[in-house]
Amino acid sequence: MKRLWAASLCALSVSSALSALSVTSAVAAEPAACRAVRFADVGWSDIAATTGLASTILEGLGYKPTKTIASVPITFAGVKSKQIDVFLGYWSPTMDPMIDPFRKAGQVNVLPTPNLTGAKYTLAVPDYAYQAGIKSFADIAKNYDKLDGKIYGIEPGNDGNALIKKMIDSNQYGLGKFKLVESSEAGMLVEVNRAIRDKKPIVFLGWEPHPMNVQMKIDYLSGGDDVFGPNYGEAKVMTVTPTDYSARCPNVAKLVSNLHFTTDIENHVMLPIMNKTDPNKAAREWLKANPAVLDQWLAGVKTFDGKDGLPAVKAYVAGK
């Protein structure tokens with residue numbers, strides 16, 4: 001009887017252990033629906049760089065990342081409707097008016113820790129225009145003729161463009177007669193480079209991180225605190241996900257929460273992107289040369305099928 005009892009206990013222990021192993025294996029891998037990770041990109045090189053870095057890491061983990069190019073308002077609406085999983089480019093405070101309705105209604109989730117700090121976002125001029133006297137927002141209207149009455153923005157629907165348009169519509173800083181020129185980041189930079197070549201003054205929407213800060217001699221205008229915020233539009237860049245994303249896809253959510261960039265990282269990844277290199281290829285080359293960042297970014301992160309993520313991604317970026 002004792003032997004039968006002992007055998008029963010042993011069988012029960014083995015059965016329990018197998019059940020526990022089965023449960024552990026089941027929760028270690030992400031649900032199949034999480035394999036496709038849908039990013040939004042509003043067409044800026046810095047967001048292309050960070051999205052490229054995140055996508056490359058996810059590929060190394062066995063996921064299938066995709067990217068949708070959309071305006072800022074459409075991006076936030078896409079996160080709300082759960083058609084977008086991750087947006088790494090919420091610049092605060094300039095995008096606050098656009099995201100506030102979604103946040104107040106509890107329709108999107110903004111991660112508490114920025115993925116980038118120390119960014120700038122305001123109007124800028126080439127250094128020679130700055131030295132010639134266009135040093136503040138108050139100096140723009142004084143140079144209406146020299147500037148051909150134009151301020152250059154980026155893509156339509158962008159938050160920075162909206163701030164410029166608001167200044168013009170309200171005649172703030174005497175800008176009522178100016179015209180906002182909208183095109184794209186690339187289109188704006190073509191105009192800036194043309195002006196620099198001809199030594200003509202030009203006022204445009206500038207920001208850091210961006211290769212423009214190392215490729216051109218530019219200065220940011222003072223006096224725009226009421227519009228772009230203090231310290232030359234000093235910004236934090238935040239990550240946005242659907243409200244239930246961390247519950248649905250905890251492993252991807254863990255990676256996304258680990259991603260913290262620097263202006264130096266982004267400037268270097270952006271340089272080849274600006275020269276038409278695919279963002280994922282540029283990201284992979286940078287990660288190959290700087291694999292140490294993966295230690296922090298992949299802490300606690302698994303592959304899609306539940307294995308240790310760090311060695312898998314290091315092998316992937318190394319081409320093994």
Side-chain angles (χ1 to χ4, degrees), residues 30-55 57-58 61 63-117 119 121 153-166 182 184-185 205 207 228-229 233 235-261 266 279-280 301 304:
E30 286 267 70
C34 295
R35 190 167 199 181
V37 184
R38 300 163 300 177
F39 287 90
D41 182 341
V42 297
W44 298 5
S45 296
D46 65 299
I47 301 173
T50 55
T51 301
L53 289 166
S55 296
I57 293 169
L58 284 166
L61 293 170
Y63 289 84
K64 303 285 187 182
T66 59
K67 180 174 69 175
T68 297
I69 302 294
S71 68
V72 175
I74 291 174
T75 291
F76 291 142
V79 176
K80 170 194 169 183
S81 64
K82 300 179 185 177
Q83 294 176 302
I84 297 296
D85 298 314
V86 183
F87 178 48
L88 295 169
Y90 160 31
W91 280 61
S92 178
T94 58
M95 290 185 188
D96 289 355
M98 292 187 174
I99 198 173
D100 279 348
F102 298 98
R103 295 186 75 174
K104 289 174 181 176
Q107 296 167 333
V108 299
N109 175 53
V110 179
L111 271 58
T113 305
N115 64 56
L116 179 71
T117 56
Y121 191 54
I154 46 180
E155 73 279 352
N158 169 264
D159 57 296
N161 287 13
L163 294 174
I164 296 169
K165 190 174 186 307
K166 186 177 179 181
E182 297 183 299
S184 64
E185 174 190 324
L205 187 60
W207 63 91
F228 287 92
K236 297 178 292 185
V237 184
M238 314 294 290
T239 301
V240 185
T241 65
T243 53
D244 64 344
Y245 193 66
S246 61
R248 288 190 286 116
C249 303
N251 191 54
V252 180
K254 175 63 177 173
L255 168 65
V256 168
S257 70
N258 284 353
L259 293 175
H260 298 108
F261 309 105
E266 294 191 25
N280 286 20
V301 176
F304 174 70

Calculate, to the nearest 0.5 Å, the distance between atoms OG and CG belonging to Ser92 and Asp100 respectively.
-> 8.5 Å

What's the shortest heavy-atom distance between Pro112 and Met238, and which atoms?
-> O-CE, 4.0 Å

In sequence, state the C-alpha distance, the side-chain angles, and the governing distance for Phe304 and Val37, and then conclude on side chain to side chain contact (heavy atoms under 4.5 Å, CB included).
-> CA-CA 11 Å; Phe304 174 70; Val37 184; over 6 Å; no

Do the side-chain N and O atoms of Asn251 and Glu30 include a donor-acceptor pair separated by under 3.5 angstrom?
-> no

Rounded to the nearest 0.5 Å, what separation is found between the SG atom of Cys34 and the CG atom of Leu58?
-> 11.0 Å

Test side chain to side chain contact (heavy atoms under 4.5 Å, CB included) on Tyr245 and Asn109 and set out the steps.
-> CA-CA 9 Å; Tyr245 193 66; Asn109 175 53; over 6 Å; no

Residue among Thr50, Asn115, Thr113 satisfying side chain to side chain donor-acceptor pair (under 3.5 Å) with Thr239 | Asn115

Kindly assign one of parallel, tilted or perpendicular to the pair Trp44 and Tyr121, based on the angle between their ring planes and the thresholds 30° and 60°.
-> tilted

Any chance you could measure Leu111, atom CG, to His260, atom NE2, to the nearest 0.5 Å?
-> 8.0 Å

Side-chain H-bond candidate by donor/acceptor type, Ser45 with Glu185, under 3.5 Å = yes

List the steps and the verdict of salt bridge (Lys or Arg N to Asp or Glu O under 4.0 Å) for Lys82 and Asp244.
-> CA-CA 9 Å; Lys82 300 179 185 177; Asp244 64 344; 3.0 Å; yes

Just wondering, do Trp207 and Ile154 contact through their side chains at under 4.5 Å, heavy atoms?
-> yes

Parallel, tilted or perpendicular: ring planes of Phe87 versus Phe76, cut at 30 and 60 degrees | perpendicular

Does Ala48 offer a backbone N or O that forms a donor-acceptor pair with the side chain of Thr51 under 3.5 Å?
-> no

Quick one: do Asp85 and Val252 satisfy side chain to side chain contact (heavy atoms under 4.5 Å, CB included)? Show the steps, please.
-> CA-CA 10 Å; Asp85 298 314; Val252 180; over 6 Å; no

Do Phe102 and Val240 come close enough that some side-chain heavy atom pair is under 4.5 Å?
-> no

Less than 4.5 Å apart, any side-chain heavy atom of Gln107 and any of Thr243?
-> no

Pair Asp96-Tyr90, side chain to side chain contact (heavy atoms under 4.5 Å, CB included): steps then yes or no = CA-CA 8 Å; Asp96 289 355; Tyr90 160 31; 2.6 Å; yes

Determine whether Asn158 and Val42 make a side-chain contact, defined as any pair of heavy atoms from C-beta on separated by less than 4.5 Å.
-> no

Can you tell me how far the OG1 atom of Thr68 sits from the CD1 atom of Ile84, to the nearest 0.5 Å?
-> 4.5 Å

Under 4.5 Å between any side-chain heavy atoms of Leu88 and Val237, yes or no?
-> no

Which atom pair, heavy atoms only, marks the closest approach of Asn161 to Glu182?
-> ND2-OE2, 3.0 Å

Between CD1 of Ile57 and CG of Asn280, what distance do you get to the nearest 0.5 Å?
-> 11.0 Å

What is the minimum heavy-atom distance between Ser55 and Pro65, and which atoms define it?
-> O-CG, 3.5 Å

Locate the shortest heavy-atom distance separating Ala253 from Ser246; write the atom from each residue and the value.
-> CB-CA, 3.6 Å

